[in-house]
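To keep things clear, I will list the structure first and then write my remarks on it.
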Amino acid sequence: MRQLLRTAIGLAVAALFVVPSAELRAQEYPERPITVVLPMGPGGSHDIHARGITSVLSDVLGQPVIMRFVPGAGGVQGTEAVLAADPDGYTILFSSNGNDQVLPQTREVTYNTLEDLTTLARINMAQPILVAAADAPYDSVEEFVAYAKERPAEVNFGVVGLWGATYVATIQFLQATGIDVNLIPHRGGGDAVQGVLSGQDQITWLYTSPVKSHVVARTMKVLAVAGDEQVTHDPAFSDVPTMAALGYPEVNFTLERVFFAPSAMPADALARLREAFKEIIDHPSFKAYMGRIGEPLHFMSGEEYDALRAERFESYSALIESSKRN
Amino acid sequence: MLDVLFAALAYLADPLIYLYILLGVLVGIVFGALPGLSTILAVSILLPISFALDPIHGIPFLIGIYKGGIYGGSIPAILLGIPGTAASIVSAIEGPLLTRAGKARKALEMALYSSAIGDIISDIVTIVLIGAVAAVVLMIGPPEVFAIIVFSLVLIASVSGDSGVKGAIAACLGLALGLIGSDPATGVTRMTFGLDVLAGGIPLIPLVIGLFAVPEILASFERRAGRFVETSVAGATDGEPLRPWELWRSARTIMRSSAIGVGIGMVPGLGQATAGFVGYSAAKRAAGPQSDFGKGTLDGIAAPEAANNAVNGPTLVPLLTLGIPGDAVTAILLGAFIAHGLRPGPLLLEESGPLVYAILLSIIIANLIFVVVGYIVLKPFVRLIQLRKAALVPIIMALSVLGVLSVGGVPELLLALVIGTGGYLMRRAGFDLAPLIIAFILADSIEFTLSQSLLYARGDLAAYFFTERPAAGALLSVALVWAAYLTVSRVRRSMRASRPREPGRVTASPDIPTEERKKP
């Protein structure tokens, strides 16, 4: 009890000193809690990442970091919410390359993503993988393409989100292989998993996280991974061939988890936030967290990522145009 | 199986589990009871706390919030007719009638016990039949979901109100409101009238507050009585408790609703609100036209409360066995598992069977804690509702505004007011708003599962439903034949009614509650 009293008095005395000094340094960012907007509902992989990131971010910045979910219109509403807020550096966005570079070209939006948003950091990437039920009559991309060509427009191909999650990889795959399939939309990765497991869908692109236990339990099999790099962070997928190695380098979509902020924010806040994300990446508790959730790290600084965005945006324009023509 | 259960019991020796459940239930009741603050919000806000905990503490904590939240939502539904969460919308039908008759305490106790019974039954079914439930879940694809929704809507329509036409108008309006926003197939925004606030569809919380809170507030100005409770009370009292025989009389309803809830829990994307509606409608059908449904009956509380809680067990099955979350709350639970390094899916039971069973068993225990906590917090609410309207209405207004602001800003507030005015006018015109809200909630699923079914059918819908998915085809046929039969019989009845009225048709006097009459 006496100990408690002493602590309380100590804290009170300390507060006397802290309050005026905080007023003196009033200009130093951040001086109040920061809100991270997720343009989706709670529960997905972004949510799980954000929990780990925000808790470390608040340690690094010395201010609480609050998560706010703003789902709607495939991610557009959350982005608009960030841009509608005061660009004072206290409202930032945790989004993806798809939301940044694909969605504004496929939906009506009220903003110019390349001009209005600036990158704070890219956290990591997730490679789409092509999966089928374990008893499917094909074991490779080659066999599947032959199977689909024998049955034009008959193979049910699951896909998640219109121009979201796995849509781009699917369109790239269909264009590269020239097969004609029956595209079945699903609302989330879980529904697409169920589609394949129940035999309604013959094949789908998904990410490693919802599929892993099914691959290990041999209820699903993996035919390929998009891009030219094999999955390295998880031994369950280490021998999966890349689409580039199979002769389809154009099937290369990779989901990137990226933090953005309004370009109109003050320069000191931008610099402080970019610095903070660099500190997070090497933070031991953050690394431990990412290991526990089984996700890799592919950090890229905001400056580097900003330099890539315009070109990436352009590269999707052609794909979107040609898929509209079909 | 048995050895795994014994290993699970070892986990349950930890007293901290119960402390966290207790904490969760308390927080849940508070969030649920405030209209607008949803259970999902509570679970996602408190997730960081559960992140720091072991799964055996963190997940029962989240489940405690979830359980407390549904009951909390039923408190304003029963007392004021303003549901605190979507799951408790149906309790707003009979609840306020009971409250006005001075039976608020009985109604709240009925909600408490039937919730716990429904949940425990569903948990036991889940634990015993987890493998079978998982197999059934996998068989329910888009065409089956579509057929089940259509069947449920016909069932709900068959008992809603006296005027079939008005019910149909309300349901169509609900569907139309549900279609506002983004077209799921093309991403085009539709029917938004260029309003930004509607681009993502009408959000549920402003809609619920608009449809329920605004009309209730307006109605409270209309009625001259100084209090919500009509029976004159000398000073605030706790009211009469629920008698054992009253609970016993609803036993059949609770059992039926539990079975319905377990069934609906296996269907992806339907959830508690739907289960509540179907449970209530089935009970009303079973009770027949001479019953007290619509006049304030405790059965009308037991039916939705047992059904919406019985959803809980089976919704955990696809999460645990397939890694597939069925709704927003299970999606958050999935995140909690993953953050602790556990990967729900086919291997979870093998890898951490005792832990999974310990979590499932802790849900049963959560119900017992829930009953005790719920019983303690119920009396203050019963006293609160007896305050003068002059004191209560401003509080309700403030909470309603706060609830809308918790999910949006001024545009959402205006939206709630517009919807509320419309809802008030519809009520004055004799419309039943229940079909509207359930159609709104299901609109998205109806459209999505139908468009998926059309794609799977590749243009030949009849062949697909009847040869490839016979179960869905059969259920859909039954629903359509039933709907046709209801329409014909209603048209006939209204034609007969347009002739001079037959004498001797006596309705039960609403002045004397049935309970009193049947008392020995």
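Quick caveat, the model's predicted, so the values are computed rather than measured. Every chain is numbered from 1 and lettered A, B, ... according to where its sequence line falls, protein lines coming before strand lines. Atoms considered below: every heavy atom in the structure, side chains included; atoms not considered: hydrogens, waters and symmetry mates.
- Contacts between A:Leu103 and chain B at a heavy-atom distance below 4.5 Å are absent for every atom of the residue.
- Every residue meeting the side-chain contact (heavy atoms from CB on, under 4.5 Å) condition with A:Gln63, not counting sequence neighbours, appears here in chain and number order: A:Pro30, A:Pro33.
- The backbone N or O of A:Glu154 lies less than 3.5 Å from a partner atom in the side chain of B:Arg458, making a donor-acceptor pair.
- With a 4.5 angstrom heavy-atom cutoff, B:Pro142 touches chain A via backbone and side-chain atoms both.
- Residue B:Asp327: no heavy atom, backbone or side chain, is found under 4.5 Å from chain A.
- For B:Leu454, the side-chain contact (heavy atoms from CB on, under 4.5 Å) partners are B:Leu450, B:Leu461, not counting sequence neighbours.
- Proximity to chain B (any heavy atom under 4.5 Å) is shown, for A:Gln200, by both the backbone and the side chain.
- A:Arg292 contributes no side-chain N or O that, together with a main-chain N or O of B:His340, makes up a donor-acceptor pair within less than 3.5 Å.
- Both the backbone and the side chain of A:Ile293 come within less than 4.5 Å of a heavy atom of chain B.
- Proximity to chain A involves both the backbone and the side chain of B:Ser445, based on heavy atoms less than 4.5 angstrom apart.
- Only the backbone of B:Ile140 comes within contact range of chain A, with at least one heavy atom under 4.5 Å from a heavy atom of that chain.
- The contact between A:Glu80 and chain B is made entirely by side chain atoms (from C-beta outward), counting heavy-atom distances below 4.5 Å.
- Contact annotation for B:Pro268: only side-chain heavy atoms (C-beta onward) come within less than 4.5 Å of a heavy atom of chain A.
- Put simply, the side chain of B:Gln452 gets close to the backbone of A:Pro185: a donor and an acceptor are under 3.5 Å apart.
- When heavy atoms are compared at a cutoff of 4.5 Å, A:Glu108 approaches chain B solely by way of its side chain, counted from C-beta outward.
- With a threshold of 4.5 angstrom between heavy atoms, B:Phe448 approaches chain A through side-chain atoms but not through N, CA, C or O.
- Of the N and O atoms on the side chains of A:Ser209 and B:Arg343, at least one donor lies less than 3.5 Å from an acceptor on the other residue.
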